[in-house]
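Read through the structure below, which is laid out as structure tokens, and then see the notes.
Quick note: numbers below take in every heavy atom, side chains included, and nothing from hydrogens, waters or symmetry partners. Lettering follows sequence order; numbering is per chain, from 1.
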There are 2 protein chains.
Amino acid sequence: MKEPGSAARADSEEWLDRVFHALSDPTRRALVRRLSAGPGKVTELAKPFDMSLNAISKHLKTLEKADLIKRDNAGRTSVCSLDAETLQHAQAWLDQYTRFWGETLDSLGRHMKRRTGPGRSRPAGRR
Amino acid sequence: MKEPGSAARADSEEWLDRVFHALSDPTRRALVRRLSAGPGKVTELAKPFDMSLNAISKHLKTLEKADLIKRDNAGRTSVCSLDAETLQHAQAWLDQYTRFWGETLDSLGRHMKRRTGPGRSRPAGRR
DNA sequence: GCATCATTCAACCAAATGGTTGAGGGTTGT
DNA sequence: ACAACCCTCAACCATTTGGTTGAATGATGC
């Protein structure tokens with residue numbers, strides 16, 4: 001079901017759409033933060049927020065569709081918990097860009113000749 | 001003008017809103033990818049895409065407002081380049097959650113019974 | 001069986017998003 | 001001066017988003 005690692009071809013970046021979109025909302029990030037401290041029932045998760053339970057339910061659904069959380073349905077309550085694997089995949093995506101820049105800023109900057117190679121990254125020789 | 005590190009108030013997560021939102025669009029991610037290989041003029045950047053130049057201009061503006069790119073205005077052309085620092089800040093945010101889970105998956109994973117209890121799994125780093 | 005709690009579904013709304021086209025506004029070249 | 005070029009601004013449109021309320025579903029408790 002999850003394709004971050006598997007069919008990661010040009011088409012299936014869709015999951016990144018969902019993940020980053022899910023993370024672009026402060027309420028949902030707050031939910032992620034809360035869930036990072038342990039699972040919780042929906043009503044419990046909703047309590048701190050100044051909006052209807054339904055709103056939170058929708059936010060959780062958004063997070064779920066992004067595979068950022070999973071639900072454990074136990075009777076009449078459903079317990080949500082973080083699925084950090086997806087978070088890691090998102091981070092891995094960012095890593096493609098931040099890593100190279102970390103190097104550039106650090107040490108690579110000076111002994112980096114302009115590599116006009118075919119595919120590989122070429123450090124922006126900026127400013 | 002950038003507050004990722006400084007005023008970490010509840011409100012100022014706004015920049016994360018912008019960054020993650022900016023990254024939630026495939027066109028904009030493609031632009032980021034392209035820019036990671038070096039700066040480029042707007043028309044040049046727009047060429048590979050199947051949409052109007054104006055659309056790309058707007059996407060670039062979104063990326064700019066998120067501090068993900070910066071513009072260098074040279075005469076009638078404006079050259080965009082990646083500002084990976086912001087990308088790094090976003091990654092740092094994710095790191096709060098993925099780091100702790102990396103551990104969990106690695107070592108903690110096996111002696112970790114399914115903790116469906118309300119107890120809590122493992123205190124993730126707060127803040 | 002019936003009321004109640006926990007959660008989701010459905011309809012609705014205002015606002016934002018992603019795209020279009022068309023009109024400018026500077027810059028450059030002749 | 002003038003046309004061509006690069007890019008942004010403005011208006012517009014369809015669709016999505018984030019929120020609301022109200023009803024429906026389903027498990028629990030009396």
task: Could you state the atom-to-atom distance from CG of B:Asp50 to P of C:dT20 in whole Å?
output: 8 Å
Degree of bending, the helix from C:dG1-D:dC30 to C:dT30-D:dA1 (end axes from five pairs; round to 10°): 20°
message: In this structure, how many angstroms lie between the C1' atom of D:dT8 and the NZ atom of B:Lys41, rounded?
response: 17 Å
query: Any idea which heavy atoms bring A:Thr86 and A:Ala66 closest together, and the distance?
result: CG2-O, 3.4 Å
field: Nucleotide C:dG18, atom P - distance to CG of B:Leu53 in whole Å
entry: 17 Å
- prompt: In B/S/- notation, 5' to 3', how is nucleotides 10-18 of chain D contacted by protein heavy atoms closer than 4.0 Å?
  reply: B------SB
- prompt: Who passes side chain to side chain donor-acceptor pair (under 3.5 Å) against A:Lys70, sequence neighbours left out?
  reply: A:Ser81
Pair listing, ring-ring contact (aromatic ring centres under 6.0 Å, His included) test, anchored in residues 19-40 of chain A, at least two apart: A:Phe20-A:Trp93, A:Phe20-B:Phe20
statement: Rounded to whole Å, the CZ-P distance (B:Arg71 to D:dC6) equals 16 Å
message: Side chains of A:Leu68 and A:Leu35, heavy atoms from C-beta outward: is any pair under 4.5 Å?
response: no
query: Which whole-number value in Å describes the distance from B:Asn73 CG to D:dC7 P?
result: 9 Å
- prompt: Which pairs with one or both residues in residues 56-66 of chain A pass side chain to side chain donor-acceptor pair (under 3.5 Å), sequence neighbours excluded?
  reply: A:Arg28-A:His59, A:Glu64-A:Arg71
D:dC6 OP1/OP2 closer than 4.0 Å to side-chain N/O of B:Thr77: no
- prompt: Residues in salt bridge (charged side-chain N to carboxylate O under 4.0 Å, His left out) with B:Arg33, at least two apart?
  reply: A:Glu13
query: Would you call A:Leu82 and A:Leu63 a side-chain contact if the rule is heavy atoms closer than 4.5 Å?
result: no
- prompt: In chain order, what residues pass the side chain to side chain donor-acceptor pair (under 3.5 Å) check against B:Arg34, with sequence neighbours excluded?
  reply: none
All N/O pairs under 3.5 Å across the protein-nucleotides 26-28 of chain D interface:
{"unit_1": "D:dT28", "atom_1": "O4'", "unit_2": "A:Arg76", "atom_2": "NH1", "d": "3.3"}

Pairs of donor and acceptor atoms involving the side chains of residues 37-51 of chain B, under 3.5 Å and at least two apart or interchain, shall be tabulated with distances.
none

message: How many whole angstroms separate atom CD1 of A:Ile69 from atom C1' of C:dT7?
response: 13 Å
task: Please work out if B:Ser52 contacts a base, only the sugar-phosphate, or nothing of the nucleic acid, heavy-atom cut-off 4.0 Å.
output: base
- prompt: Below 4.0 angstrom from OP1 or OP2 of C:dT7, is there any side-chain N or O of A:Thr43?
  reply: yes
query: To the nearest angstrom, how far is A:Lys61 atom NZ from C:dA6 atom P?
result: 21 Å
statement: To the nearest angstrom, the CG-P distance between B:Leu60 and D:dT8 comes to 7 Å
message: List the residues meeting side chain to side chain donor-acceptor pair (under 3.5 Å) with A:Asp17, not counting sequence neighbours, and say none if there are none.
response: B:Arg29
query: Testing A:Asp95, A:Leu94, A:Thr98 for side-chain contact (heavy atoms from CB on, under 4.5 Å) with B:Gln88, which one passes?
result: A:Thr98
